[in-house]
Structure formats: structure tokens, C-alpha cells
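For the single chain, residues carry numbers from 1 onward in sequence order. Heavy-atom basis, side chains included; hydrogens, waters and symmetry copies ignored.
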Amino acid sequence: SNGLVRIGGGKGHPQGVVLPGLLVPAIVLPIRTIIDWHLVEWQPVLAPLLVLTGGMIILSIFWAPEIRSSIGNFLSIAFACAIISGCAVVHINCYYDLTTPVRYRTTVRQIYVTHGKSTTYSMTLNPWRDGMPVETVPISAANYSQLRQGSRVTALEHRGSLGIPWFSSP
């Protein structure tokens with residue numbers, strides 16, 4: 001557009017630039033998605049991610065035709081759309097899931113704490129059904145102090161509002 005805002009910047013362009021405003025959520029959202037939601041498998045996310053990403057890119061090109069003039073702008077927008085779409089699919093699938101979960105009993109394979117800028121408590125769970133991989137999930141400090149290797153825990157497997165299975169603990 002010839003307006004006050006541009007997708008990407010450059011020297012000699014006094015307009016505001018919106019690309020950083022798209023890329024920052026594309027960096028932060030995956031971190032929150034991985035922390036908040038635990039999918040049984042990620043492959044089912046691919047089809048809705050591609051559809052949503054394609055739609056967002058088409059709308060972006062329609063609303064901001066200057067995206068087509070720079071391969072850097074196009075790739076940046078496509079990257080941001082793909083990341084944001086993937087996170088949206090996972091969030092919609094898990095947050096809006098009203099199905100009754102199936103309860104499985106399993107044991108804690110390992111429990112550990114990681115120190116760095118912050119302290120993270122995690123546990124690794126043994127598979128609770130056939131074909132299920134070993135899963136590592138974050139836990140609270142209170143649960144960390146109560147659980148030990150070999151402790152019995154319950155895993156709740158949800159169907160997902162989009163049919164993408166995910167799990168949680170009660």
C-alpha cells in the first residue's frame with residue numbers, strides 16, 4: 001500500500017514497519033504452545049495448518065500487495081503465518097475440547113529439575129498404551145516434591161475438538 005505502514009522496512013522508508021509485530025508472536029507462541037499442550041502426535045496438525053497458513057498468506061497478499069515485491073517480505077510473512085497457524089490449530093484443538101478424556105495409569109520413568117534462568121521441573125512418563133512414545137512433561141514444584149521414580153500417575157488422553165489427540169494429567 002502507499003499508506004503510512006509497510007510490511008518490511010529499509011533505508012530511506014519513513015513509514016512504520018509491521019513485520020516485527022508479526023514475527024514476535026511467531027517466536028513466543030510456539031514456546032507457550034509446547035508448554036501448555038501435549039499432543040499424542042503432531043502429524044494430524046499438518047493438514048489444518050496448511051489450510052490455515054494458505055488462507056492467511058492469500059489474505060495477506062490481498063490486503064498488502066507489496067508482499068509480492070520482495071521475496072524477503074513474502075518468506076517472512078509465510079513463516080509467521082505458518083507458525084501462528086500451527087499454534088492456533090493446537091490451541092483450538094485442546095482449549096475447546098469438551099470431550100470426556102480416557103484415563104490411563106502409568107508410572108514415572110524419571111523425574112528431574114533443570115536450572116538456568118529459571119527452574120523447570122519435569123517428569124518422563126512410561127508409555128500408557130501400545131504405540132505411545134515415552135513422554136516428558138513439565139510439572140509444578142509441588143508435584144516434583146511428591147513424585148518419585150516409579151510413582152503411579154494418571155494420564156488423561158483427550159480426543160481433541162479437531163480430532164487431534166492430546167494428553168494431560170488430572
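- Residues passing the ring pair (Phe, Tyr, Trp, His ring centres under 6.0 Å) test with Phe62: none are found, sequence neighbours excluded.
- Residues Leu98 and Val90 do not share a hydrophobic cluster, clusters being chains of Ile/Leu/Val/Met/Phe/Trp/Tyr side chains in contact below 4.5 Å.
- Between Ser168 atom OG and Leu156 atom CG the span is 4.5 Å, to the nearest 0.5 Å.
- Within the model, atoms SG of Cys87 and CH2 of Trp37 stand 12.5 Å from one another, a figure rounded to the nearest 0.5 Å.
- Under the 4.5 angstrom side-chain criterion for Ile, Leu, Val, Met, Phe, Trp and Tyr, Tyr112 has no cluster partners at all.
- A 4.5 Å side-chain heavy-atom check between Ile61 and Ile57 finds at least one atom pair inside the cut-off.
- Scanning for side-chain contact (heavy atoms from CB on, under 4.5 Å) contacts around Leu75 gives Ile71, with sequence neighbours left out.
- Cluster membership for Trp166 and Val45, using ILVMFWY side-chain heavy atoms within less than 4.5 angstrom, is shared.
- Taking Thr136 as the reference, Thr124 meet the side-chain hydrogen bond (donor to acceptor under 3.5 Å, both in side chains) condition, with sequence neighbours excluded.
- Tracing side-chain contacts under 4.5 Å through hydrophobic residues (I, L, V, M, F, W, Y), one never reaches Ile27 starting from Phe79; they form parts of separate clusters.
- Side-chain atoms of Thr33 come within 3.5 Å of backbone N or O of Leu29 as a donor-acceptor pair.
- Pro127 is listed as a side-chain neighbour of Val134, based on a closest heavy-atom distance under 4.5 Å.
- Clustering of Ile, Leu, Val, Met, Phe, Trp and Tyr by side-chain heavy atoms under 4.5 Å joins Ile35 with Ile31.
- Applying the salt bridge (charged side-chain N to carboxylate O under 4.0 Å, His left out) test to every pair with at least one member in residues 30-57, sequence neighbours left out, gives these pairs: Arg32-Asp36.
- Legend: residues meeting side-chain contact (heavy atoms from CB on, under 4.5 Å) with Arg152, ordered by chain and number and at least two apart, are Arg105, Thr107.
- Within the model, atoms CG of Leu39 and CD1 of Ile164 stand 6.5 Å from one another, a figure rounded to the nearest 0.5 Å.
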Contacts under 3.5 angstrom, residues 48-56 side chains, donor-acceptor by atom type, not counting sequence neighbours:
from  : atom 1 : to    : atom 2 : distance (Å)
Thr53 : OG1    : Leu49 : O      : 2.7
Thr53 : OG1    : Ser85 : OG     : 3.3

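- Between the CD1 atom of Ile77 and the OG atom of Ser70 there is a distance of 10.0 Å, given to the nearest 0.5 Å.
- Evaluation of the side-chain hydrogen bond (donor to acceptor under 3.5 Å, both in side chains) rule for His38 yields no partner, not counting sequence neighbours.
- Side-chain contacts under 4.5 Å among hydrophobic residues (ILVMFWY), followed directly or transitively, place Met132 together with Val40, Val102, Tyr104, Val108, Ile111, Val113, Tyr121, Met123, Leu125, Trp128, Val137, Ile139, Tyr144, Leu147, Val153, Phe167.
- Residues passing the side-chain contact (heavy atoms from CB on, under 4.5 Å) test with Ser140, sequence neighbours excluded: Ala142, Asn143.
- Screening residues 154-167 for salt bridge (charged side-chain N to carboxylate O under 4.0 Å, His left out), with sequence neighbours left out, gives Arg129-Glu157.
- Closest non-hydrogen pair, Asn93 versus Gly163, comes out as OD1-N, 3.5 Å.
- Annotation for Cys81 and Ser60: closest pair SG-OG, 4.1 Å, computed over non-hydrogen atoms.
- In the hydrophobic clustering of ILVMFWY residues, with side-chain heavy atoms under 4.5 Å counting as a link, Trp42 and Val89 come out together.
- Between the CZ atom in Arg109 and the CG atom in Asn126 there is a gap of 4.5 Å [rounded to 0.5 Å].
- Distance check: Ser161 OG to Tyr96 OH gives 9.0 Å after rounding to the nearest 0.5 Å.
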